[in-house]
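Remember, it's 1-based here, ligands and their atoms both numbered in the order they're listed.
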Amino acid sequence: MITRREFAASALAFVGPASSDPDRPRYHFLPPANWMNDPNAPIWHDGRYHMFYQYNPKAAKWDTMHWGHATTTDLLHWEHLPIALAPTPGGPDKDGCFSGCMVMDQGKPVIVYTGVNPQVQCLATSNDWITWTKHPRNPVIAGPPPGVDSPGFRDPHVWRDGNEWLMLVGAGFRGVGGTALLYKSTNLVDWTYLKPFLRGAINPKAKGGDVSRGEMWECPDFFPVGDKWLFYVATEDKVKYWLGQWKDRTFTPQSEGVLTHGAGYAPKSSNASKGRRFIWAWLREQRGAAEQLKAGWSGSMSLAVVPSLAKDGTLLLDPAAEYDLIRGPKTADAAPLNDGTKLRIRLKQNQPFSLSRGGRELISYDPSTRLLTAGRSEAPAPAGELDLLVFLDGSVVEVFANRKVWLTGRVYGPIEPLRAYGAYRSLESWPVNP
Ligand code: FRU
């Protein structure tokens, strides 16, 4: 924690939120009610983004997974559509439709997802994007390859490679570490196992289950960024990435890091307009189960984030330019800030800073530890003077630091005036357009 030196503290007026629940995000995506976790199969098709997501339609807690579905054309206004996938009694997904991806095959969308107990890979297709038909040959992969003793086998990621389809499935080598298993197919139905795509090691210091210890990798994703390829997985309570070369169906990592710090988990990428790629992450709640149930909703989607490469080949992460549209006229330093605000704060080297709302800290920077926080989430600050882009939306605090660190946290409570503490070079804010 930083020693708070009140400096240029801005007492800021407040314009009330539209929703009666101050914790509920307004321009981050979430279903009308109940539980959401991972983004599934996001895709841009015919000028429209489709978002599917892990969904429990019964309550604001994780249980019996369905696939919710919504679409948008502008990333800000979402249309909620009927549930796309529900467990089929007696079927390979009888206990839940877990995470997966989508590919277009001969003009038709194909969902590739995991059925559970045991974990197996399944297909579903649609002619109208509303009604989804499960493949008669499900499961198309009935379990891990012989000889692989894996704590889990889920979250398929499929892409086109020449004349074939390739698939990564999140898995692990029991007692050794997480992995993603690589498969190939010509028809999406018959799959041949090739090899482990990459292998990780169990973190000897970490406690908890197979995922928390790094024995199991969840939600692998893999796609080109600039002249490199980006691979990431959710494990050890965070999202690890590797940037590297992809040649002869072999991935050779050259650098690694944390893709999203804090509340963000299980991200999934999509194609996007203007030749871009988007990454979406589930923003976990950071309050107790009882409070989530009482609120009647749980989980938010992150903003769509565009990965690119810096000149030195390192990874840059920027919120999609579409979110510029949420801003009204810029308000100057120390002018009124309202809820749903986007801020740009340039800090001074070696000076502590924090921003709070009604006494609850939203973000902070401590130069002695070089830690950046968002609510109770933290991340090592990137090198150099900090240039922060901050999105506040109900309980969501989403921060992009120097385009290199993507940090999210949740801060609950009434929307009250913002106050800035510490030294900064500049603080600009844009209210949300009504
Ligand atoms: C990641 C995850 C996935 C799984 C899904 C179940 O958050 O555990 O591995 O498919 O959520 O909801």
Side-chain angles (χ1 to χ4, degrees), residues 30-31 34-42 51-69 83-87 92-102 111-124 138-139 141 143-144 150-158 167-172 177-181 200 208-222 231-241 259-269 279-286 289 292 297-302 408:
L30 73 167
N34 299 318
W35 170 274
M36 174 177 77
N37 57 293
D38 312 356
N40 291 152
M51 173 62 74
F52 301 83
Y53 51 90
Q54 289 287 281
Y55 183 48
N56 173 14
K58 295 228 172 94
K61 63 169 188 179
W62 189 92
D63 205 351
T64 321
M65 284 294 118
H66 292 57
W67 277 40
H69 182 194
I83 286 175
L85 297 179
D93 61 8
K94 62 186 183 324
D95 288 329
C97 303
F98 273 23
S99 288
C101 65
M102 179 174 297
I111 288 174
V112 190
Y113 69 104
T114 297
V116 291
N117 290 337
Q119 296 182 5
V120 295
Q121 313 319 321
C122 299
L123 305 178
N138 281 345
I141 308 182
S150 179
F153 184 62
R154 57 181 180 266
D155 313 334
H157 172 69
V158 179
M167 182 195 288
L168 291 175
V169 183
T179 192
L181 302 172
D210 46 42
V211 176
S212 316
R213 284 184 292 120
E215 189 181 19
M216 166 72 200
W217 284 357
E218 301 185 296
C219 301
D221 201 340
F222 185 57
F231 171 69
Y232 56 76
V233 291
T235 191
E236 287 179 53
D237 209 32
K238 57 184 173 229
V239 182
K240 293 176 134 187
Y241 79 80
L259 187 78
T260 178
H261 299 257
Y265 195 70
K268 192 76 203 154
S269 70
I279 302 174
W280 312 77
W282 164 37
L283 302 184
R284 296 172 285 190
E285 298 300 323
Q286 293 179 333
Q292 296 175 41
W297 59 272
S298 177
S300 169
M301 208 59 84
S302 69
T408 52

Chemist: Taking the side chain as C-beta and beyond, is there a heavy-atom pair between Asn34 and Asn56 under 4.5 Å?
Modeler: no

Chemist: Among all the protein's non-hydrogen atoms, which is closest to atom 6 (C) of ligand 1, and how far away is it?
Modeler: Gln54 OE1, 3.2 Å

Chemist: Any side-chain heavy atom of Tyr55 within less than 4.5 Å of one from Met65?
Modeler: no

Chemist: Counting non-hydrogen protein atoms only, what is the nearest one to atom 10 (O) of ligand 1? Give residue, atom name and distance.
Modeler: Asp155 OD1, 2.5 Å

Chemist: Considering heavy atoms of the protein only, find what lies nearest to atom 5 (C) of ligand 1 and give residue, atom and distance to 0.1 Å.
Modeler: Asp38 OD2, 3.5 Å

Chemist: Taking heavy atoms and a distance under 4.0 Å, where does Val211 meet ligand 1: side chain, backbone, both or neither?
Modeler: neither

Chemist: Hey, are the side chains of Thr260 and Tyr232 touching, using non-hydrogen atoms and a 4.5 Å cut-off?
Modeler: no

Chemist: Would you say Asp237 and Ser212 are linked by a side-chain donor-acceptor pair, where the criterion is simply a distance under 3.5 Å?
Modeler: no

Chemist: To which protein heavy atom is atom 8 (O) of ligand 1 closest, and what is the distance rounded to 0.1 Å?
Modeler: Glu218 OE2, 2.6 Å

Chemist: With heavy-atom distances below 4.0 Å as the criterion, list the atoms of ligand 1 near Ser99.
Modeler: 5 (C), 10 (O)

Chemist: Below 4.0 angstrom from a heavy atom of Asn37, which ligand 1 atoms are there? Numbered from 1 as shown, please.
Modeler: 5 (C), 6 (C), 7 (O), 11 (O), 12 (O)

Chemist: Are any of the side-chain heavy atoms of Pro220 and Phe231 separated by less than 4.5 Å?
Modeler: yes

Chemist: Can you name the atoms of ligand 1, numbered from 1 with element, that are less than 4.0 Å from a heavy atom of Met65?
Modeler: 12 (O)

Chemist: Should Lys58 and Thr64 count as side-chain neighbours, where that means a heavy-atom distance under 4.5 Å?
Modeler: no

Chemist: Would you say Met301 and Leu283 make side-chain contact, with heavy atoms under 4.5 Å?
Modeler: no

Chemist: Assess Thr114 for proximity to ligand 1: is some non-hydrogen atom of it under 4.0 Å away?
Modeler: no

